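Here the structure is laid out as structure tokens; the discussion comes afterwards.
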Amino acid sequence: MSAPRRLLTRLRDLMAKGDSRGGVAPMSELVRMVAAELVSEVCSIYVARPGDILELFATEGLREDSVGRTRLRVGEGIVGLVAATHATLNLADAQNHPAFAYRPETGEEKYASMLAVPVRRGGRTLGVLAVQNRNPRHYAEDEVEVLETVAMLLAEVLAASGAEGGEGGLAATVSRRFAGATLASGLAIGKVRLLGPLQAPKQVLADDPRQEQARLDQAVAMTRQSVDALIANGLAVADGAEADASREILDSYRLIAADSGWLKRVGDAIRGGLSAEAAVHRVAGDLRDRMRRIVDPYLRERLADVEDLIGRLMQALTGEAEAPKSAPGAILLARRMGPAELLEWHAGGIAGVVIEEASPSGHAAILARALGLPALAGAAGMLEVANDGEPAVLVAEDGEGGQLILRPEQDVVELFHRAEAARSARQAGYAALRDKPAQTRDGTPVELNLNVGLALELLQLEATGAAGIGLFRTEIAMMARGSVADVTDQAAIYAQVLDAAGDRPVLFRTLDLGGDKLLPGTARPEENPAMGWRSLRIGLDRPAVLRRQLRALLLAAGGRKLSIMFPMVATVAELRAAKALLRTELARVRPQPSVLHVGTMLEVPSLLWQLPELLREVDFISVGSNDLMQFLFAADRGTPGLAGRYDFLSPPVIEMLAEVAAQCRAADVKLSVCGEHASRPLEAMTLVGLGITSLSMPASRVLPVKALLAELDLPAFRAVLAGIRRTAAGAASVREPIAAWAREHRLVQ
Ligand code: PEP
Ligand code: MG
């Protein structure tokens, strides 16, 4: 029997002994065994305590009376550094390492070398396991592996004993708050559901390495097959350049799947005595930790591939089907999430979502607002301390930050219920406004429309009394299905929208896929997907797809009024090409629409210098401020850290909009704004102040904006806005003077 396996077998017997006594495996025996096996004078276990502290929990070799007394902060000393970085440190001369922190009570000054490994479980650091030797020595690779394997076992023991993270599992009961940015306002209370960290394997050790290796080989073969099938399917829906691009990305995925390096390390861990699941879990954890430290965004993206593959491999090993995306009433916590996945979870009944890496104008956020699903971004660190199934409160306030409160105290829960009651009362107050005309205090009419993408949102037309649908994002319905529907199915979807809208106008936007709005199997290796091959560019390069959609829209209208809007138009020539396709389809369809209006999104800045020609081609223009802002300021809308950096209420944006509004008025072309900015109080007010009186927004914002505008003295505000514009040149923002006026007039708090 190999040395590592012998050690693991002895450790397992030790744990069984602890179990049979109905108690915790004796840690003092564990450290003695490990020290003996690694021929080290010292072996110590440090356990994480509340407040980011590591406490000496058991030791062989250090002074017995320092147990429970010696404490280090996470990040302090070598042990603290290992806990902070989740990385093993192998030091021949530990005392001269810059992080070394001397603790006289331990008597450790005699020991020169140190090997310290993190004890991790489910993405959390529970402690640190370390060995020390008098002689300066660099520990061999197999010794490092043995200690890492023992750490894995130790994690299970600590978790089972409740010793992890605090006295009697204290950390698991302490309430924790995480600040975040509101993506979609609302309140939710429920049990958390964690997405991301791999669940710890049920069985860590195995008796028969050959059998485990055979299980692994079989699971790897199954995973390869499923990846090959995925590639074949992905390519079946693509053609030409798209197929080449898909092939490239999927091939790189296959490469990771077949990479023998990490599979060999899994094999080594199995030979060391681990079960196949535990071996995959351990190697995968290392791989993920290493990838997480990579700064390059493309390589970091590959992390998602690695996580996905590991998930598939684990599934093949355990024989468990992919867990259904269903968690009624739960608050979902995720590192990141695309819009398609969010749709699936919404269908699975979640009550709220917190996404660490998301930004307010990204598509997951837009979708959360459309779905009325309370959502927060940020809350960094939540995944490391949250446990599946524990209670939490999510508070996301409009215009303010939000909070995720894990393990809330009773008074917080009560506060939450009071806030919920106040919110319902506010909503009831808004509801009374539903049938009142949308206008400013002095009677200037304003058209408030809905941004919609899902059939279930159509009910909001009645609920909000909106004038119509100012943006129907057709790609959302396709993402919900997982593919672009054929002509008949598309026509049925669009007809349902027109039926629900009745006499109210609907602007259908043609497919705006690409960027972060991807159908399964169509991921593309682009450096800048938002500026890549997306939206109308795909439509013009794949005219069959766009023509099918245009035909479906015409069929759905069946003699009714129809308005079609093209997204991401960058040149008048592109718009003309799209209109030519529409004309071809129009010639084939009977009955023709009673009125056919054609327009464009204004979201690519190049159009600003083509306005005279553009205005001759369109019946309407709708400003897509989400994309327009990111391209005007060269600031990615999906990068959370840039979210508040550039202000919509700033001279370049205001002057640009004033100019567009003037030219549209002169050409008698209708202008609206449908980006998220139109739904915010100060922004909506400013747009109306600039004479843009058609706004389109998520359903939840229609009545609050209506309430605000009803109190707005427009002539007075126009004069103030004109004054602000005269003196604002060069300012990064004019939000404050606008906000001050609005506060003074009790329009906002
Ligand atoms: C926009 O860019 O402002 C817009 C409305 O389109 P989307 O958010 O769907 O990209
Ligand atoms: Mg857009």
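Below, all heavy atoms of this structure are taken into account, side chains as well, without hydrogens, waters or symmetry copies. Order of appearance sets the numbers: ligands from 1, and atoms from 1 within every ligand. This chain uses plain numbering: 1 for the first residue, then up along the sequence. Please read all numbers here as calculations on a predicted model, not as lab measurements.
Atoms of ligand 1 found under 4.0 Å from any heavy atom of Leu471 (numbered from 1 in listed order, with element): 5 (C). The atoms of ligand 1 that sit less than 4.0 Å from any heavy atom of Asp512 are 9 (O), 10 (O). Using a 4.0 Å cut-off to heavy atoms of Gly675, the atoms of ligand 1 that qualify are 3 (O). Near Ile366, meaning under 4.0 Å from one of its heavy atoms, ligand 1 places the atoms 8 (O). When each atom of ligand 1 is checked for a heavy atom of Arg637 under 4.0 Å away, the hits are 2 (O), 7 (P), 8 (O), 10 (O). Interface of Asp627 with ligand 1, defined as ligand atoms under 4.0 Å from a residue heavy atom, comprises 1 (C), 2 (O), 3 (O), 10 (O). For ligand 1 and Met601, the ligand atoms under 4.0 Å from any heavy atom of the residue are 4 (C), 5 (C), 6 (O).
Note on Arg735 versus Glu683: salt bridge recorded, some NZ/NE/NH1/NH2 to OD/OE distance being below 4.0 Å. Using a 4.0 Å cut-off between a side-chain N of Lys or Arg and a carboxylate O of Asp or Glu, Arg534 and Asp627 qualify as a salt bridge. The pair Glu356-Arg336 fails the salt-bridge criterion, with no side-chain N (NZ, NE, NH1 or NH2) lying under 4.0 Å from an Asp/Glu carboxylate O. A salt bridge links Lys670 and Glu447; the closest N-O separation between the charged side-chain nitrogens and carboxylate oxygens is under 4.0 Å. Using a cutoff of 4.0 Å between basic side-chain nitrogens and carboxylate oxygens, Arg509 and Asp512 are scored as salt-bridged. Classification of Arg576 and Glu617 as a salt-bridged pair holds, one side-chain N sitting under 4.0 Å from a carboxylate O. Salt bridge status for Glu676 with Arg701: absent, with no side-chain N to carboxylate O gap under 4.0 Å. With respect to Arg548 and Glu585, no salt bridge is recorded, no charged nitrogen being found less than 4.0 Å from a carboxylate O.
Ligand 1 lies less than 4.0 angstrom from a heavy atom belonging to His363.
Of the residues Leu615, Leu611, Val673, the one that meets the side chain to side chain contact (heavy atoms under 4.5 Å, CB included) test with Val660 is Leu611.
With a 6.0 Å radius and a threshold of 12 heavy atoms from other residues, nucleotides or ligands, Met656 has its CE atom above the threshold.
Residue Glu475 places no N or O, backbone or side chain, under 3.5 Å from any N or O of ligand 1. The shortest N or O to N or O distance between Asn626 and ligand 1 is below 3.5 Å. Taking only nitrogen or oxygen atoms, main chain and side chain alike, Glu676 does not reach within less than 3.5 Å of ligand 1.
Note: Phe717 and Trp741 have tilted aromatic rings, judged against thresholds of 30 and 60 degrees for the angle between ring planes.
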> Going through the checks in order, is the side chain to side chain donor-acceptor pair (under 3.5 Å) test met by Asn449 and Ser696?
Replying inline: CA-CA 4 Å; Asn449 287 308; Ser696 195; 5.1 Å; no
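Closest to atom 6 (O) of ligand 1 among all protein heavy atoms lies Arg509 NH1, 2.9 Å.
For the Mg ion (ligand 2), protein N/O/S neighbours under 2.8 Å (waters excluded) are Glu603 OE1, Asp627 OD2.
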